[in-house]
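Numbering of ligands and ligand atoms starts at 1, following listing order. As a basis for the values below, the full set of heavy atoms in this structure was taken, side chains included, without hydrogen atoms, waters or symmetry mates.
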Amino acid sequence: MLKGKTVLLGVSGGIAAYKTCTLVSHLKDRGANVYVIMTKEAVKLVSPHIFRSLSGNPTIIDLFDYRHITLPHIALSEMADILVIAPCTANVIGKIAQGIADDALTTVVLASTAKKLVAPAMNCNMWRNTVVQENVEKLKEMRFEFVGPEIGKLACGDIDIGRMSEPNSIIEKINEILSPTQDLRGLSILITAGGTREQIDPVRFISNRSSGKMGYTLAEAAVSRGAEVTLISGPCSLTPPEGVKTIMVESAQEMHDEVAVHREGKKAIIMAAAVADYRPSITFWQKLKKDSNNFTLELSKTSDILAELGRNKNGTFLVGFAAESNDHISNAKEKLEKKNLDIIVANDISAFEQDDSEATIINKSGKIETLTKFSKKEIAHRINVKAAERPLKLSTE
Ligand code: CTP
């Protein structure tokens, strides 16, 4: 769940900072990228070098040390999936509540739009102090999540409330905050991805620049929302997402045949693959020799998988992609109608091989939604939600 997520981990000056070392290594074990930001008080308790070696990233104490990065507080806050402060002292809670940004941690907090989690740690009387409780309430109103404090042995020796939650409880809370809703549970979705290869001879083929990223991201997003996902993929270098039934194919014909086998019972089919429109009429079984100066290769049309699905929909929600270099909207609309789709996602061919993209989602009734500067992940979630709307309605009809 935390694999590939970026956690900004603020450490303020509480004795519990020693437990944050375990938290960092647990986060790393789960595949998260961790950047630790320490307050000057925290540095007196735990060495920044420990966090540096545990996280594999520089420990941030003073933003002025990062003059080579323009606006380091913005750069840091933008890359975070979540910002966690553990331990969070009464002082830091108070500063955030008042909008004070007088060090690296509080400046990043103020600049960040990421989800935020606070693990307070302090003396029991400090925690119960009215002003601290007012500040905590203020943070909750600002949609900060809290984990703890717990009742246990405090630094002063008393057994009372104020102890920082254990690293695993903090991780559970992070998972809870980051996991998307399970709104696709019970739905089975078929997704295609990547380009196909049309063999000319044993060493040569016709293909295209599709990297498969959009289809794989769609599959990953759908499975994380609880869907049962079958992914039919052309050759590509991506690792199949965990929990997705992945079938690798080579040619448009193989993709066509696998879609025919797996379409049964699917509530939605999303054709993100860049299927070849033409294949060589003859595949040579021996390597072609360059005997003549000119060589003409005859091509035959492949079957249009999506158009075929559109002719026999059986209530399946059909999503197509339109990769265009010009007249995106009008070309996409034409494909939507011609192939009898429910929605089509128009994107520019420059999106091939990129992580970020721009996409326009057009539905049957002509409603257009343009997503500018979105990551493929965000686009994937948006498409999945749309694909789920109709099947969910159908299942309750
Ligand atoms: N598609 C398909 N089978 C094909 C070709 C395309 O299922 N043989 C699907 C693609 O997966 C995509 C949609 O049809 O979802 C549109 O593909 P695109 O390549 O943009 O358009 P084409 O229909 O192939 O038309 P053209 O290449 O002329 O733009």
Side-chain angles (χ1 to χ4, degrees), residues 189-199 205-219 222 229-236 238 246-263 266 268-281 299-314 316-354 357-364 376 379-380 382-384 386-387:
I189 300 182
L190 176 63
I191 298 169
T192 64
T196 59
R197 280 182 187 174
E198 310 306 320
Q199 213 69 40
F205 54 81
I206 301 172
S207 193
N208 56 62
R209 282 176 47 212
S210 168
S211 63
K213 271 182 194 156
M214 191 67 237
Y216 277 62
T217 312
L218 274 160
V229 183
T230 305
L231 175 68
I232 300 175
S233 166
C236 67
L238 303 171
T246 307
I247 297 146
M248 299 302 295
V249 295
E250 287 262 331
S251 63
Q253 186 60 43
E254 281 176 33
M255 184 166 280
H256 169 274
D257 295 348
E258 289 297 341
V259 168
V261 171
H262 292 94
R263 66 166 298 186
K266 297 294 180 291
I269 301 180
I270 306 176
M271 283 291 302
V275 188
D277 292 327
Y278 292 92
R279 60 175 166 74
S281 302
L299 302 176
S300 313
K301 232 184 193 169
T302 58
S303 15
D304 191 318
I305 306 170
L306 192 53
E308 214 171 278
L309 291 169
R311 283 193 291 272
N312 180 17
K313 270 173 109 168
N314 288 334
T316 309
F317 192 89
L318 279 189
V319 183
F321 274 74
E324 307 291 344
S325 57
N326 55 286
D327 304 316
H328 301 61
I329 307 291
S330 56
N331 283 336
K333 275 185 171 170
E334 204 180 308
K335 285 175 192 171
L336 176 96
E337 263 175 47
K338 213 162 102 189
K339 303 195 188 198
N340 191 22
L341 310 179
D342 294 280
I343 56 174
I344 192 152
V345 184
N347 51 17
D348 193 87
I349 48 168
S350 62
F352 276 26
E353 298 164 328
Q354 303 299 314
S357 194
E358 205 167 288
T360 303
I361 304 177
I362 308 169
N363 75 11
K364 253 194 327 207
K376 283 193 174 161
I379 295 170
R382 194 67 67 98
I383 295 167
N384 273 314
K386 287 192 180 293

Ignoring hydrogens and angles, tell me if any N or O in the side chain of Asn314 forms a donor-acceptor pair with the backbone of Thr316 under 3.5 Å. no
Is it the case that over 12 heavy atoms from other parts of the model lie below 6.0 angstrom from the CD atom of Glu337? no
Under 3.5 Å, side chain of Asn331 to main-chain N/O of Glu324, donor-acceptor pair present? no
Within the distance-only criterion (no hydrogens, no angle test), does the side chain of Asn363 pair as donor or acceptor with the backbone N or O of Ile343 below 3.5 angstrom? no
Using a strict 4.0 Å cut-off to heavy atoms of Gly320, name the atoms of ligand 1 that fall inside it. 15 (O)
Ala322: numbered ligand 1 atoms lying under 4.0 Å from its heavy atoms: 20 (O)
Based purely on interatomic distance, does Ala272 place a nitrogen or oxygen under 3.5 Å from a nitrogen or oxygen of ligand 1? no
Just to confirm my output: which protein heavy-atom neighbour is closest to atom 7 (O) of ligand 1, and how far is it? Leu306 N, 2.9 Å
Taking atom types as modelled, find out whether Gln253 and Asp257 have a side-chain donor-acceptor pair closer than 3.5 angstrom. yes
Which protein heavy atom lies closest to atom 3 (N) of ligand 1, and at what distance to 0.1 Å? Ile305 N, 3.1 Å
Subset of ligand 1 atoms that lie under 4.0 Å from at least one heavy atom of Met271: 7 (O), 11 (O), 12 (C), 15 (O)
Just to confirm my output: which protein heavy-atom neighbour is closest to atom 2 (C) of ligand 1, and how far is it? Asp304 OD1, 3.4 Å
Using heavy-atom distances only, which candidate in Asp277, Asn331, Leu318, Thr192 approaches atom 5 (C) of ligand 1 most closely? Asp277
Within less than 4.0 angstrom of ligand 1, does Lys339 place any heavy atom? yes
Ser207 side chain to Thr196 backbone, donor-acceptor under 3.5 Å: yes
Under 4.0 Å from atom 19 (O) of ligand 1, do we find at least one protein heavy atom? no
Using modelled atom types and a 3.5 Å cut-off, is there a donor and acceptor pairing between side-chain atoms of Ser233 and backbone atoms of Gly194? no
How many angstroms lie between atom CG of Leu341 and atom CD1 of Ile270, to the nearest 0.5 angstrom? 12.0 Å
Please confirm whether Ala276 comes under 4.0 Å of ligand 1, counting heavy atoms of the residue only. yes
Do you know which two heavy atoms are closest between Met248 and Cys236, and how far apart they sit? CE-N, 4.3 Å
Is a donor on one side and an acceptor on the other found under 3.5 Å between the side chain of Glu198 and the backbone of Ala252? yes
Asn384 side chain to Leu218 backbone, donor-acceptor under 3.5 Å: yes
Among all protein non-hydrogen atoms, which one is nearest to atom 17 (O) of ligand 1, and what is the separation to 0.1 Å? Phe321 O, 3.5 Å
Indicate yes or no: does an N/O atom of Ala273 lie under 3.5 Å from an N/O atom of ligand 1? yes
Under 4.0 Å, heavy-atom basis, I'd like to know which part of Thr302 is in contact with ligand 1: side chain, backbone, both or neither. side chain
Short check: is a protein heavy atom less than 4.0 Å from atom 11 (O) of ligand 1? yes
List ligand 1 atoms under 4.0 Å from Ala323, heavy atoms only on the residue side. 20 (O)
Determine whether any heavy atom of Ala252 lies closer than 4.0 Å to an atom of ligand 1. no
Kindly compute the distance separating OG (Ser330) from CD1 (Ile362), expressed to the nearest 0.5 Å. 9.0 Å
Nearest-neighbour protein heavy atom for atom 21 (O) of ligand 1, which is reported as residue plus atom name and distance: Lys335 NZ, 3.0 Å
Where does Ser303 meet ligand 1, judged by heavy-atom distances below 4.0 Å: at the side chain, the backbone, both, or neither? backbone
